[in-house]
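These notes are about the structure you will find just below.
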Protein chains: 2
Amino acid sequence: MKLAIDHKSPIPLHIQAEQLLRELIKDPAYQAGKLLPNEVELAKKLAISRTTLRQAINKLVYEELLIRKKGFGTKVANSRISSKSMNWLSFSQEMKARGINVKNYELHVSWVFPDESTASFFDIGTDKKIVKMERLRGSSDSPFVYFISYFHPRIGLTGEEDFKRPLYEMLEDEYSTIANLSKEEISALEANKFIAGKLEIEAGSPVLFRKRFVYDQGERPMEYNLGYYKAESFVYTVESRRT
Amino acid sequence: MKLAIDHKSPIPLHIQAEQLLRELIKDPAYQAGKLLPNEVELAKKLAISRTTLRQAINKLVYEELLIRKKGFGTKVANSRISSKSMNWLSFSQEMKARGINVKNYELHVSWVFPDESTASFFDIGTDKKIVKMERLRGSSDSPFVYFISYFHPRIGLTGEEDFKRPLYEMLEDEYSTIANLSKEEISALEANKFIAGKLEIEAGSPVLFRKRFVYDQGERPMEYNLGYYKAESFVYTVESRRT
DNA sequence: GCTTAAACTATGTAAATACATAATTAAGCT
DNA sequence: AGCTTAATTATGTATTTACATAGTTTAAGC
């Protein structure tokens with residue numbers, strides 16, 4: 001892990017600084033709320049101008065990873081899990097950006113007959129098996145989300161793929177299938193016994209439930225995803241502007 | 001709409017420039033793909049430095065409203081139109097569109113001291129009362145959402161307005177205050193006794209909780225809205241496209 | 001002891017300047 | 001005409017400098 005900036009590199013200094021900051025803020029001390037070195041000092045230490053450093057910091061502030069307070073300092077945002085980018089970063093990438101170590105508690109891939117609604121979304125029959133993936137993930141402390149994904153047979157998954165890789169990256173690399181459009185429905189549910197057991201909460205406790213309909217480049221359905229999030233650990237953010 | 005920058009205004013120049021750009025790009029010519037004036041020229045015309053202008057442009061680029069190409073120019077991104085506009089229907093309009101008859105179970109308007117977080121969002125003190133509106137609404141059968149709204153004193157509400165009208169329509173008509181930007185956070189909660197009583201459910205049952213930060217034309221905070229939705233009766237939909 | 005004022009700290013805003021680089025256009029050569 | 005090269009254009013990167021302003025801490029005054 002290099003914590004220095006290479007002035008001879010063709011990579012712009014502010015990009016280098018940005019990446020360096022992303023690493024830096026993973027430090028438990030900063031995660032715990034310790035202020036970052038002030039801009040003037042940090043710029044000096046990195047041998048770049050304050051303007052350039054601010055350019056880097058700005059990006060992280062925009063992503064809501066950092067918070068700046070005039071006259072006080074800059075610190076890591078107390079990250080509940082949420083962000084605009086959430087929609088298009090896969091779960092593991094999002095967690096990585098926040099310095100949270102993702103742990104896979106369970107990963108199960110199987111071939112199953114689709115239920116009515118899944119078959120209907122995929123526009124296929126209920127008599128042909130498709131790939132189902134179940135995944136229990138969370139921080140190192142505890143699981144906080146349970147995913148179920150169904151994949152359209154068109155993609156050609158075998159079920160033997162490396163599902164430990166970021167999902168959409170894998171699909172793009174191995175099957176040239178690019179997730180392009182997603183429609184989501186978010187609601188609150190009582191955890192049933194099964195989900196409660198997985199998330200290690202009481203049955204009947206609230207969970208945030210997200211249905212996700214994912215379409216490929218040709219607007220064809222490719223994935224049907226169900227996500228059950230432990231209530232207190234997940235906030236979904238939406239930003240919209242009047243048009 | 002003034003297309004000039006006021007150097008004597010306390011509003012930072014790059015913020016003014018940003019707002020000005022937001023207006024400018026509404027011009028059909030720019031929407032159609034015409035290049036914006038180049039940075040050096042535009043800065044000169046606005047009588048600000050290129051650095052400051054770039055600061056403004058950067059924001060719109062972050063928001064994916066503008067696209068820059070080195071050596072070529074800057075133009076409006078061909079904006080994907082998503083059903084995000086859904087969020088811009090008020091509750092009653094939304095219900096109407098679904099063919100559900102809205103019943104107002106309770107409507108209570110009062111003047112109260114804002115709590116910390118509300119005051120902080122509005123950037124005011126906690127020692128001056130503001131207008132609070134509480135509203136319990138639902139279908140003809142039963143209530144299914146409890147709203148709490150706080151309004152910024154800038155708007156000038158008296159508390160005597162006709163809150164039975166669609167809210168944003170009333171604000172626009174009576175106070176020329178237009179809701180322009182909304183940031184929302186959606187999560188799942190256990191209903192406390194108060195909310196449970198209102199929604200006629202058991203305490204501890206899940207509710208979908210939506211915080212909504214609403215800003216006006218000048219990106220100034222205007223409304224802080226809390227919504228508690230009975231879990232089984234509300235689904236939040238989001239549509240997003242990869243960029 | 002309490003309040004007020006001043007000093008200090010760190011971010012916020014703004015400009016002027018210089019050069020690098022990608023995309024496009026024009027010029028020049030065979 | 002078709003290719004290569006040079007000039008032009010507009011954004012990209014980076015520094016230096018200066019002062020403003022919001023929070024915090026310290027000192028002064030009553």
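Throughout, protein chains are lettered first and strands after them, A, B, ... in sequence-line order, and every chain is numbered starting at 1. This one's a predicted model, so the numbers in the text were calculated from it and none came from an experiment.
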Give me, pair by pair, the N or O atoms of the protein and of nucleotides 16-19 of chain D that are less than 3.5 Å apart, along with how far apart they are.
residue, atom, partner, partner atom, Å
D:dT16, O4, A:T51, OG1, 3.0

ask   = 5' to 3' on DNA chain C, which nucleotides open and close the contacts with chain B (atom under 4.0 Å from a heavy atom)?
value = C:dT13 to C:dT24
Pairing residues for B:A17 by the side chain to side chain contact (heavy atoms under 4.5 Å, CB included) criterion, not counting sequence neighbours = B:I5, B:I48, B:A56
Partner set under salt bridge (Lys or Arg N to Asp or Glu O under 4.0 Å) for B:D27, not counting sequence neighbours = none
ask   = Considering residues at least two apart in sequence or located in another chain, which fulfil the ring pair (Phe, Tyr, Trp, His ring centres under 6.0 Å) criterion with B:F122?
value = B:H152
ask   = Looking at B:F113, is B:K129 sitting on its ring face, NZ or CZ under 6.0 Å from the six-membered ring centre and within 45 degrees of the normal?
value = yes
inquiry  = Just to verify, what does B:E106 make a salt bridge (Lys or Arg N to Asp or Glu O under 4.0 Å) with, not counting sequence neighbours?
reply    = B:K198
ask   = Which residues pass the side chain to side chain contact (heavy atoms under 4.5 Å, CB included) test with A:L60, sequence neighbours left out?
value = A:E18, A:L21, A:R22, A:I25, A:L65, A:L66
message = Quick test of your reading: applying ring-ring contact (aromatic ring centres under 6.0 Å, His included), list the pairs with at least one residue in residues 4-50 of chain B, sequence neighbours left out, ordered by first then second residue.
response = none
inquiry  = Could you work out, with salt bridge (Lys or Arg N to Asp or Glu O under 4.0 Å) as the rule, every residue matching B:D115, not counting sequence neighbours?
reply    = none
query = If the sugar-phosphate is the primed atoms plus P, OP1 and OP2 and the base is the rest, what is the B/S/- string for nucleotides 5-10 of chain D, using protein heavy atoms under 4.0 Å?
reply = ----BB
Tell me which donor-acceptor pairs under 3.5 Å the side chains of residues 67-76 of chain A have, and how far apart each pair is, sequence neighbours excluded?
residue, atom, partner, partner atom, Å
A:R68, NH1, A:E39, OE2, 3.2
A:R68, NH2, A:N58, OD1, 2.2

All side chain to side chain contact (heavy atoms under 4.5 Å, CB included) counterparts of A:Q19, not counting sequence neighbours = A:I15
